[in-house]
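Bear in mind that the values here come from a model prediction, so they are computed numbers and not experimental data.
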Amino acid sequence: MRKLIAVAVLAALPAFPVLGQTVEAGTYDVRGTNLDGSKYQGTARIKLTSETTCSIEWKTGSTSSTGICMLYENAFAASYILGKDVGLVVYEVKGDGVLEGVWTVSGEDGSGTETLRLRRQ
């Protein structure tokens with residue numbers, strides 16, 4: 001009976017999403033699209049503050065913003081201040097240092113896209 005249960009559990013594992021994804025501290029290359037569809041690029045620096053929380057700072061062109069972030073399974077979310085506005089970005093952790101997301105800013109219509117790629121040294 002124990003063997004049967006063990007086989008059933010092992011067989012079911014691939015059907016579940018991968019748990020335990022991680023986001024590494026470091027500098028990321030940023031590429032994205034603005035709300036109007038124009039493209040931008042820059043860097044983001046993530047500093048871990050616990051196993052599931054962090055601080056993040058983006059520098060894209062002449063714009064910079066800072067925020068807090070949180071990891072939950074394969075979702076990575078961050079809120080940030082951009083001038084007087086509050087923004088939100090939600091990324092999917094793709095693995096190998098890649099985060100793909102969508103973002104918005106309070107009071108604006110639509111959303112932009114953004115991909116972060118960890119710089120490997």
Side-chain angles (χ1 to χ4, degrees):
M1 181 68 165
R2 285 185 188 170
K3 250 186 188 176
L4 183 59
I5 292 171
V7 169
V9 168
L10 289 175
L13 285 177
F16 293 99
V18 176
L19 301 178
Q21 290 279 5
T22 187
V23 172
E24 296 179 53
T27 301
Y28 289 74
D29 291 317
V30 175
R31 293 197 185 275
T33 57
N34 289 303
L35 301 178
D36 64 4
S38 62
K39 296 184 185 302
Y40 66 88
Q41 60 186 17
T43 60
R45 180 179 272 319
I46 295 175
K47 294 180 184 177
L48 302 180
T49 55
S50 79
E51 289 183 18
T52 58
T53 60
C54 60
S55 63
I56 185 168
E57 180 180 359
W58 291 268
K59 292 185 180 178
T60 55
S62 62
T63 304
S64 64
S65 57
T66 59
I68 63 169
C69 37
M70 176 184 151
L71 175 67
Y72 180 76
E73 294 181 1
N74 71 332
F76 183 72
S79 64
Y80 57 94
I81 303 296
L82 185 61
K84 294 181 181 180
D85 297 318
V86 176
L88 175 68
V89 59
V90 179
Y91 300 98
E92 180 179 357
V93 180
K94 302 300 261 183
D96 199 30
V98 176
L99 308 170
E100 290 183 358
V102 294
W103 60 271
T104 193
V105 176
S106 60
E108 300 289 334
D109 288 331
S111 60
T113 63
E114 188 167 274
T115 299
L116 305 183
R117 292 187 191 283
L118 181 64
R119 288 184 179 173
R120 302 286 183 187
Q121 297 181 6

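Remark: Thr49 OG1 to Ile56 CD1 distance equals 11.5 Å, nearest 0.5 Å. Within the model, atoms CZ of Phe76 and CD1 of Ile46 stand 4.0 Å from one another, a figure rounded to the nearest 0.5 Å.
Under the 4.5 Å side-chain heavy-atom criterion for grouping Ile, Leu, Val, Met, Phe, Trp and Tyr, Leu118 is connected to Val93 within one hydrophobic cluster. In the hydrophobic clustering of this structure, Leu82 groups with Val30; members are Ile, Leu, Val, Met, Phe, Trp, Tyr whose side-chain heavy atoms approach within less than 4.5 Å, directly or through other members.
What you find for Tyr28 and Gly97 is that their closest heavy atoms are CE2-O, 3.6 Å. Across all their heavy atoms, Leu48 and Ala25 have their closest contact at CG-CB, 3.8 Å. For the pair Tyr80 and Leu88, the tightest heavy-atom approach, listed with the atom from each and the gap, is CE2-N, 3.4 Å.
By the salt bridge (charged side-chain N to carboxylate O under 4.0 Å, His left out) test, Arg120 pairs with Glu24, Asp96, sequence neighbours left out. Residues satisfying the salt bridge (charged side-chain N to carboxylate O under 4.0 Å, His left out) test with Glu100, not counting sequence neighbours, are none.
Applying the side chain to side chain donor-acceptor pair (under 3.5 Å) definition to pairs two or more places apart or across chains, those involving residues 32-44 are Arg31-Gln41, Thr33-Thr113, Asn34-Ser38, Asp36-Ser38, Tyr40-Trp103, Tyr40-Glu114. Note on residues 40-53: no pairs pass salt bridge (Lys or Arg N to Asp or Glu O under 4.0 Å), not counting sequence neighbours.
Hydrophobic side-chain contacts under 4.5 Å tie Tyr72 into a cluster, directly or through other members, with Met70. Cluster partners of Ile81, by chain and number: Val86. The rule joins Ile, Leu, Val, Met, Phe, Trp and Tyr whenever side-chain heavy atoms lie under 4.5 Å apart.
A side chain to side chain contact (heavy atoms under 4.5 Å, CB included) with Tyr91 holds for exactly one of Val98, Val23, Leu71, Leu116; it is Leu116.
Thr104 contributes a side-chain N or O that, together with a main-chain N or O of Gly110, makes up a donor-acceptor pair within less than 3.5 Å.
Side-chain polar atoms of Thr60 and Thr63 form no donor-acceptor pair below 3.5 angstrom.
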